[in-house]
Visitor: 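The structure's right below; bear with me while I get my questions together.
In each ligand, atom 1 is the first atom listed, and ligand 1 is the first ligand listed. Below, each value reflects all heavy atoms present in this structure, side chains not excepted, and no hydrogens, waters or symmetry copies.
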Amino acid sequence: MAKKIILDCDPGIDDALAIVFAVGSPELDLLGLTSVAGNVGLDLTTSNAQRVCEFIGATGIPVTPGAAAPLLRPPIDARLVHGDSGLGGARLPDPTGRPAGGHAIDYLIDTIKSAPGEITLVATGPLTNIALAVHREPRLVKLVSDFVIMGGSASRGNVTPAAEFNIGADPEAAAIVFRAGWTVTMVGLDVTLQARATAAVRDRLQPLGPLATELVLPGLDQYATDADPLAATPLADGQQSRYRAHGAEADGIGPAVHDVVAMAYAAAPGLLGLLPARVEVETTGRWTSGMTVTDFAPAAGEQNALVATAIDVGGFWDLVLDSYHRVAVAMRTPA
Ligand code: RIB
Ligand code: CA
């Protein structure tokens with residue numbers, strides 16, 4: 001039985017790649033998307049989610065818009081990384097359909113309440129919608145089957161030395177989410193910076209027809225300018241990778257597909273190694289705001305997270321290519 005998924009996202013190139021993965025994965029049943037302001041503004045994150053779904057033929061997936069700004073702070077964006085369009089060099093047709101009516105918060109609450117214990121909630125953008133939803137309906141934390149985020153880091157950030165972008169864009173929302181009473185599966189930079197679209201990966205993507213030539217590869221080409229200040233460089237013998245303050249492209253590794261890792265975990269949890277932890281989000285530090293302060297030795301009863309610390313990179317890319325191949329075949333198959 002495929003795992004029911006709702007994805008809250010801010011497309012964004014890697015969000016778009018995560019949507020493609022979810023649609024293609026036989027392990028997942030993507031019920032719906034909710035959009036949030038993040039990489040680009042809400043209108044664009046919403047229409048980009050629609051564009052991607054229509055482009056790959058997943059026309060039955062509702063996209064419900066959510067928060068246009070963080071809870072308290074002025075918005076920041078990542079256009080320098082994802083391009084003004086939010087999809088890098090990919091130029092997809094405008095959506096023909098309209099976003100779903102209503103607000104993302106109500107979609108999240110109503111859908112999860114309609115299937116208690118059955119739905120895995122995945123969030124790959126700032127956590128504004130999730131915070132508003134659990135504030136409005138605290139029982140949500142007991143009604144989801146699992147809650148997985150791409151966000152945070154037990155080591156260093158990318159939007160600042162302390163903060164990863166999704167947390168740093170709305171630290172107050174993230175603080176609410178981590179304190180809401182559920183166990184957050186935190187798929188952070190500690191593992192996602194190892195999931196890089198190298199030249200070898202792009203060679204494997206080439207045969208996938210328009211999915212590759214119109215979306216994935218042009219998206220990655222722009223995303224290659226992703227100035228991840230940290231470049232995880234696995235040592236020759238596969239030891240714990242070390243970080244060098246480097247632009248990803250500068251060392252030829254390739255861009256990190258952060259959000260795809262979180263979605264791949266939902267499909268295949270064995271891809272990641274996780275450790276129990278207590279995570280608190282810094283909201284007042286002048287230099288550390290948005291930091292996910294991670295204690296891997298939580299006091300009894302204090303655990304609120306499972307933090308990803310290891311990834312099977314080869315297995316990850318094999319799973320991604322399998323899912324993308326399925327989408328590419330479906331795109332060639334007349335409706
Ligand atoms: O730090 C990476 C995260 O920030 C990803 O979700 C990317 O899409 C951006 O939102
Ligand atoms: Ca994202």
Visitor: Over 60° means perpendicular and under 30° means parallel, so tell me whether His82 and Tyr223 are parallel, tilted or perpendicular.
Guide: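 Taking Tyr223 first and then His82, their aromatic rings sit tilted (interplane angle of 30° to 60°).
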Visitor: Tell me which part of Asp15 gets within contact of ligand 1: side chain, backbone, both or neither, using heavy atoms under 4.0 Å.
Guide: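 Contact part for Asp15 vs ligand 1: side chain (C-beta onward).
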Visitor: Taking both backbone and side-chain atoms into account, decide whether Thr124 has an N/O/S atom under 3.0 Å from the Ca ion (ligand 2).
Guide: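 Under 3.0 Å: Thr124 contacts the Ca ion (ligand 2) through an N, O or S atom.
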Visitor: Which atom name does Asp10 have for its N/O/S atom nearest to the Ca ion (ligand 2)?
Guide: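 In Asp10, the heteroatom (N, O or S) nearest the Ca ion (ligand 2) is OD1.
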Visitor: Charged N to carboxylate O below 4.0 Å: is that the case for Lys113 and Asp106?
Guide: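 Salt bridge: no.
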Visitor: If you count the atoms of ligand 1 from 1 in the order shown, which ones are under 4.0 Å from a heavy atom of Asn39?
Guide: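 The list of qualifying atoms is 7 (C), 8 (O), 9 (C), 10 (O).
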Visitor: Using 4.0 Å as the upper bound for N to carboxylate O, is an ion pair formed by Asp94 and Arg51?
Guide: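 Between Asp94 and Arg51 there is a salt bridge, with a charged N closer than 4.0 Å to a carboxylate O.
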Visitor: Give me the atom names and distance for the closest heavy-atom approach of Ser25 to Ala267.
Guide: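 Smallest interatomic distance, heavy atoms only, reads OG-CB, 3.7 Å.
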Visitor: Which of the numbered atoms in ligand 1 are under 4.0 angstrom from any heavy atom belonging to Asn166?
Guide: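 In order of numbering, the contacting atoms are 3 (C), 4 (O), 5 (C), 6 (O), 9 (C), 10 (O).
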Visitor: Any atoms of ligand 1 less than 4.0 Å from a non-hydrogen atom of Glu164? List them with their elements.
Guide: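 Those qualifying, in numeric order: 1 (O), 2 (C), 3 (C), 4 (O).
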Visitor: Tell me whether His258 has any N or O atom under 3.5 angstrom from an N or O of ligand 1.
Guide: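 There is no such contact.
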Visitor: Under 3.5 Å, is there a donor-acceptor pair between the Thr284 and Glu282 side chains?
Guide: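 Yes, because at least one side-chain N or O of Thr284 sits under 3.5 Å from a partner of the opposite role on Glu282.
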Visitor: Please classify the Asp10 to ligand 1 contact at 4.0 Å (heavy-atom distances, strictly less than): side chain, backbone, both or neither.
Guide: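 Under 4.0 Å from ligand 1, Asp10 contributes side-chain atoms alone.
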Visitor: Just heavy atoms, cut-off under 4.0 Å: does Asn158 contact ligand 1 by side chain, backbone, both, or neither?
Guide: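 The answer is the side chain.
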Visitor: Tell me whether Asp14 has at least one N, O or S atom under 3.0 Å from the Ca ion (ligand 2).
Guide: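 Under 3.0 Å: Asp14 has no N, O or S contact with the Ca ion (ligand 2).
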Visitor: Let me see the working for Ile19 and Cys53 under side-chain contact (heavy atoms from CB on, under 4.5 Å), right down to the final yes or no.
Guide: CA-CA 8 Å; Ile19 292 170; Cys53 287; 4.1 Å; yes
Visitor: With side-chain contact (heavy atoms from CB on, under 4.5 Å) as the test, would you mind laying out the steps for Glu280 and Arg179 before giving the verdict?
Guide: CA-CA 8 Å; Glu280 296 285 1; Arg179 285 177 165 247; 2.9 Å; yes
Visitor: Are Asn304 and Val184 close enough, and set up right, to give a side-chain contact (heavy atoms from CB on, under 4.5 Å), and what steps lead you there?
Guide: CA-CA 6 Å; Asn304 65 345; Val184 181; 5.9 Å; no
Visitor: Taking only heavy atoms of Met150, which atoms of ligand 1 are found under 4.0 Å from at least one of them?
Guide: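 Those atoms are 2 (C), 3 (C), 5 (C), 6 (O).
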Visitor: Which atom pair, heavy atoms only, marks the closest approach of Pro11 to Val40?
Guide: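 Shortest heavy-atom contact: O-CG2, 3.7 Å.
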Visitor: Counting heavy atoms only, which part of Asp14 comes closer than 4.0 Å to ligand 1: side chain, backbone, both or neither?
Guide: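 Side chain only; the backbone of Asp14 stays clear of ligand 1.
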Visitor: Looking at Asp259, pick out the N, O or S atom nearest to the Ca ion (ligand 2) and give its name.
Guide: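 This turns out to be OD2.
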Visitor: Taking only heavy atoms of Phe165, which atoms of ligand 1 are found under 4.0 Å from at least one of them?
Guide: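 Per the distance check, 1 (O), 4 (O), 9 (C), 10 (O).
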